[in-house]
Amino acid sequence: MSTQFSLTDLKSIMRRCTGADDAQDLDGDILNVRFRDLGYDSLAVLEIASNIQRAYKIAFPDEAIEQILTPADVLSFTNIAQAA
């Protein structure tokens, strides 16, 4: 049984996707903040999804990626996919 994908896991991936110098302050309560408000565009969200797919061996269908607007959305989708 795999462990649940956490906000800490996601923040680590988000920081890697932007590079240390470009990373936004992710230490606050970002769970329900839209990615665009955190400074992540749609390409950055695709990169985040790609990293999760490789690391956790799950698939993000295109329609799921289009519906991912916040870190909470990523956590929900990833944990549901891991449980399946």
Side-chain angles (χ1 to χ4, degrees):
M1 183 167 155
S2 60
T3 50
Q4 196 168 36
F5 184 72
S6 70
L7 184 56
T8 302
D9 299 326
L10 177 57
K11 286 179 181 182
S12 175
I13 290 171
M14 289 171 69
R15 284 186 175 103
R16 270 190 308 220
C17 288
T18 60
D21 295 337
D22 298 331
Q24 295 289 333
D25 178 16
L26 302 177
D27 294 328
D29 182 14
I30 66 161
L31 200 57
N32 293 303
V33 178
R34 289 181 173 262
F35 280 111
R36 71 170 181 247
D37 295 334
L38 292 169
Y40 292 82
D41 63 12
S42 59
L43 290 176
V45 174
L46 284 171
E47 181 66 20
I48 290 166
S50 177
N51 274 265
I52 293 169
Q53 288 181 108
R54 283 191 305 271
Y56 293 88
K57 309 286 191 265
I58 61 170
F60 272 85
D62 290 341
E63 57 274 5
I65 293 173
E66 292 170 5
Q67 295 175 4
I68 291 174
L69 302 175
T70 67
D73 295 337
V74 174
L75 291 176
S76 177
F77 180 85
T78 303
N79 287 313
I80 288 169
Q82 280 185 307

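All residue numbers in this chain count up from 1 along the given sequence. For the numbers below, each heavy atom of this structure counts, side chains included, while hydrogens, waters and symmetry mates do not.
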- request: Report the distance from atom CG of Leu43 to atom CD of Glu47, rounding to the nearest 0.5 Å.
  value: 9.5 Å

query: Ignoring hydrogens and geometry, is there a side-chain-to-backbone donor-acceptor pair from Thr78 to Val74 under 3.5 Å?
result: yes

message: Determine whether a donor-acceptor pair (N or O, by modelled atom type, separation under 3.5 Å) exists between the side chain of Asn51 and the backbone of Ile48.
response: no

Minimum-distance pair of heavy atoms, taken over all atoms of Pro71 and Val33: CD-O, 3.1 Å

task: Quick one: do Asp41 and Arg36 satisfy side chain to side chain contact (heavy atoms under 4.5 Å, CB included)? Show the steps, please.
output: CA-CA 6 Å; Asp41 63 12; Arg36 71 170 181 247; over 6 Å; no

query: Quick one: NZ on Lys57 to CD on Gln82, what's the gap to the nearest 0.5 Å?
result: 11.5 Å

field: Main-chain N/O of Phe5 paired to Asn79 side chain as donor or acceptor, under 3.5 Å
entry: yes

- request: Step by step, work out the side chain to side chain contact (heavy atoms under 4.5 Å, CB included) result for Val45 and Ile68.
  value: CA-CA 8 Å; Val45 174; Ile68 291 174; 4.3 Å; yes

message: Nearest 0.5 angstrom please: Ser50 OG to Ile65 CD1, how far?
response: 8.5 Å

message: Hydrophobic clusters here meaning ILVMFWY residues chained together by side-chain heavy-atom distances under 4.5 Å, can you tell me if Ile13 and Ile80 are in one?
response: no

message: Working note: Leu75 + Leu7, criterion side chain to side chain contact (heavy atoms under 4.5 Å, CB included); need CA distance, chi angles, decisive distance, verdict.
response: CA-CA 7 Å; Leu75 291 176; Leu7 184 56; 4.1 Å; yes

Pairwise distance CG(Leu10) to CG(Asp73) - rounded to 0.5 angstrom: 10.5 Å

- prompt: To the nearest 0.5 Å, how far apart are CG in Leu69 and CZ in Arg34?
  reply: 4.5 Å

statement: When rounded to the nearest 0.5 Å, the distance separating OH of Tyr40 from CD1 of Ile30 is 7.5 Å

message: Any donor-acceptor pair under 3.5 Å linking the side-chain atoms of Ser6 with those of Asp9?
response: yes

task: Please report the C-alpha distance between Asp27 and Arg15 in whole Å, then the side-chain angles of each, then the deciding distance to 0.1 Å, and finally whether the salt bridge (charged side-chain N to carboxylate O under 4.0 Å, His left out) criterion is met.
output: CA-CA 11 Å; Asp27 294 328; Arg15 284 186 175 103; 3.0 Å; yes

message: Hydrophobic clusters here meaning ILVMFWY residues chained together by side-chain heavy-atom distances under 4.5 Å, can you tell me if Phe60 and Leu46 are in one?
response: yes

